[in-house]
Visitor: 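Before we start, here is the structure in question, set down as structure tokens.
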Amino acid sequence: MLLHIPKVLTPEQVAQMRDVLDRTDWEDGRNTAGPQAARVKRNQQLTEEHPVAQQLGDTLLKALGRNELFLSAALPHRVFPPLFNRYCDGGEFGMHVDTAVRDVRGKGIRVRTDLSATLFLSEPHEYDGGELVMDDTYGAHAAKLPAGDMVLYPSTSLHRVNAVTRGARVAAICWVQSLVREDAQRTLLYEMDTALQALNRSVPEHPSLLQLTGVYHNLLRRWADL
Ligand SMILES: O=C(O)CCC(=O)C(=O)O
Ligand SMILES: [Fe+2]
């Protein structure tokens, strides 16, 4: 499932992050790429170990922890500490697939990447190009979202970022290990949760709601992988 999550960060939080990021010395993105990605990765980044990434990443993780759409769709078990990236002067990231398992350095924790997420920190009018293009069984989908919005997509998909030919595109990147590994199962639970929430708003006393809520939890119990 590919999902647009609007307003993960407030305009004030975006402005604060941009203020810090625009004054930071960025590193070459190829430093952390595997051999396949290194051939096609031309951007700048702050890895999760950079103090600026840690400070801003904490704010983003707190916002995600309160975001009902993210929690319902991702069913997060572990989130890899966010890193930040920047594309300018023709910078791009060619077609690649994300590393399946990432080590959280110094913590002895590994995160299986079930979901990838890009949180846009530049407004679309600030740059040309820079679309995140994801392939799935239905074809290619492009995302270029307002600052503060996030796109969430299965890490199994091949994806790329088009060259930025004017201005700069700044973003935060996250990977999520979900309680539910399979995208198809996770999508069913998300759709069911969305329907249950709508029923809870419109017919909260309906007796079948209890039974359906039970079905949701029993499916999650069956599929959750802890
Ligand atoms: O910049 C983006 O939107 C995606 C970056 C990406 O695909 C990656 O870091 O693996
Ligand atoms: Fe990627």
Side-chain angles (χ1 to χ4, degrees), residues 1-6 8-9 14 17-18 21-22 24 26-50 52-53 56-57 60 64 70 74 79-105 110-124 126-136 140-178 183:
M1 179 188 27
L2 197 152
L3 188 69
H4 172 182
I5 306 181
V8 173
L9 296 180
V14 171
M17 287 196 185
R18 279 295 298 278
L21 291 168
D22 290 348
T24 301
W26 293 80
E27 302 154 9
D28 188 329
R30 274 171 298 203
N31 292 347
T32 56
Q36 190 274 331
R39 279 198 290 277
V40 293
K41 187 174 182 186
R42 286 202 295 123
N43 68 0
Q44 298 168 301
Q45 70 184 11
L46 300 177
T47 64
E48 69 282 3
E49 290 166 304
H50 194 288
V52 166
L56 305 186
L60 176 52
L64 287 174
F70 172 79
V79 183
F80 191 80
L83 55 86
F84 292 79
N85 69 20
R86 182 172 186 270
Y87 302 74
C88 58
D89 302 324
E92 64 184 332
F93 198 162
M95 212 47 135
H96 66 280
V97 70
D98 291 340
T99 306
V101 178
R102 298 184 75 103
D103 272 303
V104 185
R105 271 173 262 177
R110 287 197 280 186
V111 176
R112 186 187 63 230
T113 57
D114 295 323
L115 290 157
S116 304
T118 294
L119 183 286
F120 289 79
L121 289 167
S122 301
E123 294 293 355
E126 291 181 75
Y127 58 98
D128 289 338
E131 299 83 3
L132 172 64
V133 182
M134 293 133 298
D135 271 357
D136 68 13
H141 308 272
K144 181 168 177 172
L145 301 179
D149 288 15
M150 176 176 257
V151 60
L152 186 68
Y153 58 100
S155 303
T156 47
S157 37
L158 288 176
H159 55 279
R160 68 170 195 269
V161 177
N162 288 339
V164 171
T165 54
R166 177 188 62 88
R169 171 201 193 264
V170 180
I173 310 298
C174 290
W175 287 277
V176 180
Q177 177 172 336
S178 177
D183 185 58

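Whatever order the structure lists them in is the order used to number ligands and atoms, beginning at 1. Just so we're clear, the structure is a prediction, and the values are computed from it rather than from any experiment.
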Visitor: Using a strict cut-off of 4.0 Å, indicate which atoms of ligand 1 neighbour a heavy atom of Arg169.
Guide: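 By the 4.0 Å cutoff, the relevant atoms are 1 (O), 2 (C), 3 (O).
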
Visitor: Any chance CZ of Arg110 has more than 12 other-residue heavy atoms, nucleotides or ligands included, within less than 6.0 Å?
Guide: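 Counting neighbours around CZ of Arg110, 12 or fewer heavy atoms of other residues, nucleotides or ligands fall under 6.0 Å, so no.
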
Visitor: Have a look at Glu92 and tell me which of Arg42, Arg169, Arg160 forms a salt bridge (charged side-chain N to carboxylate O under 4.0 Å, His left out) with it.
Guide: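 It is Arg42, the one option of Arg42, Arg169, Arg160 that forms the salt bridge (charged side-chain N to carboxylate O under 4.0 Å, His left out) with Glu92.
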
Visitor: Classify the contact between Arg160 and ligand 1 as side chain, backbone, both or neither, using a heavy-atom distance cut-off of under 4.0 Å.
Guide: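 It is neither part, as no heavy atom is under 4.0 Å.
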
Visitor: Does ligand 1 have any atom that is closer than 4.0 Å to a heavy atom of Lys41?
Guide: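 The answer is no: ligand 1 sits nowhere under 4.0 Å from a heavy atom of Lys41.
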
Visitor: I need the atoms of ligand 1 closer than 4.0 Å to a non-hydrogen atom of His159, numbered in the order shown.
Guide: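 Listed by number with element: 7 (O).
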
Visitor: Does the side chain of Gln177 come under 3.5 Å of the side chain of Asp114 through a donor N or O and an acceptor N or O?
Guide: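 Result is no, nothing qualifies.
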
Visitor: Hey, which N, O or S atom on His159 ends up closest to the Fe ion (ligand 2)?
Guide: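 In His159, the N, O or S atom with the shortest distance to the Fe ion (ligand 2) is NE2.
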
Visitor: Out of Phe120, Phe93, Tyr87, Tyr153, whose heavy atom is nearest to atom 1 (O) of ligand 1?
Guide: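 Checking each option, the heavy atom nearest atom 1 (O) of ligand 1 is found in Tyr87.
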
Visitor: With heavy-atom distances below 4.0 Å as the criterion, list the atoms of ligand 1 near Thr118.
Guide: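 Those qualifying, in numeric order: 2 (C), 3 (O), 4 (C).
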
Visitor: Are the side chains of Thr113 and Thr156 in contact, using a 4.5 Å heavy-atom criterion?
Guide: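 With C-beta onward as the side chain, the pair stays apart.
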
Visitor: Please indicate whether any nitrogen or oxygen in Trp175 is less than 3.5 Å from any nitrogen or oxygen in ligand 1.
Guide: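 So ligand 1 has no N or O lying under 3.5 Å from an N or O of Trp175.
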
Visitor: I want to confirm something. Looking only at heavy atoms, which of Val97, Ile173, Asn85, Asp98 is nearest to atom 10 (O) of ligand 1?
Guide: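 Going through Val97, Ile173, Asn85, Asp98 one by one, Asp98 has the nearest heavy atom to atom 10 (O) of ligand 1.
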
Visitor: With heavy-atom distances below 4.5 Å as the criterion, would you say the side chains of Asp98 and His159 are in contact?
Guide: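 In contact.
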
Visitor: Please determine, by modelled atom types, if Thr47 and Thr32 share a side-chain donor-acceptor pair under 3.5 angstrom.
Guide: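 Distance-only check fails for Thr47 and Thr32.
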
Visitor: Does ligand 1 have any atom that is closer than 4.0 Å to a heavy atom of Gln45?
Guide: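 Heavy atoms of Gln45 never come under 4.0 Å of ligand 1.
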
Visitor: At less than 4.0 angstrom from any non-hydrogen atom of Val161, what atoms of ligand 1 do you find?
Guide: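 Counting from 1, the qualifying ligand atoms are 1 (O), 2 (C), 3 (O), 4 (C).
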
Visitor: Apply salt bridge (charged side-chain N to carboxylate O under 4.0 Å, His left out) to residues Glu126 and Arg18 and explain how you reach the verdict.
Guide: CA-CA 13 Å; Glu126 291 181 75; Arg18 279 295 298 278; 3.1 Å; yes

Visitor: Determine which of the N, O or S atoms in Asp98 is closest to the Fe ion (ligand 2) and give its atom name.
Guide: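 The Asp98 atom nearest to the Fe ion (ligand 2), restricting to N, O or S, is OD1.
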
Visitor: Please lay out, stage by stage, how Arg105 and Asp103 fare under the test salt bridge (charged side-chain N to carboxylate O under 4.0 Å, His left out).
Guide: CA-CA 6 Å; Arg105 271 173 262 177; Asp103 272 303; over 6 Å; no

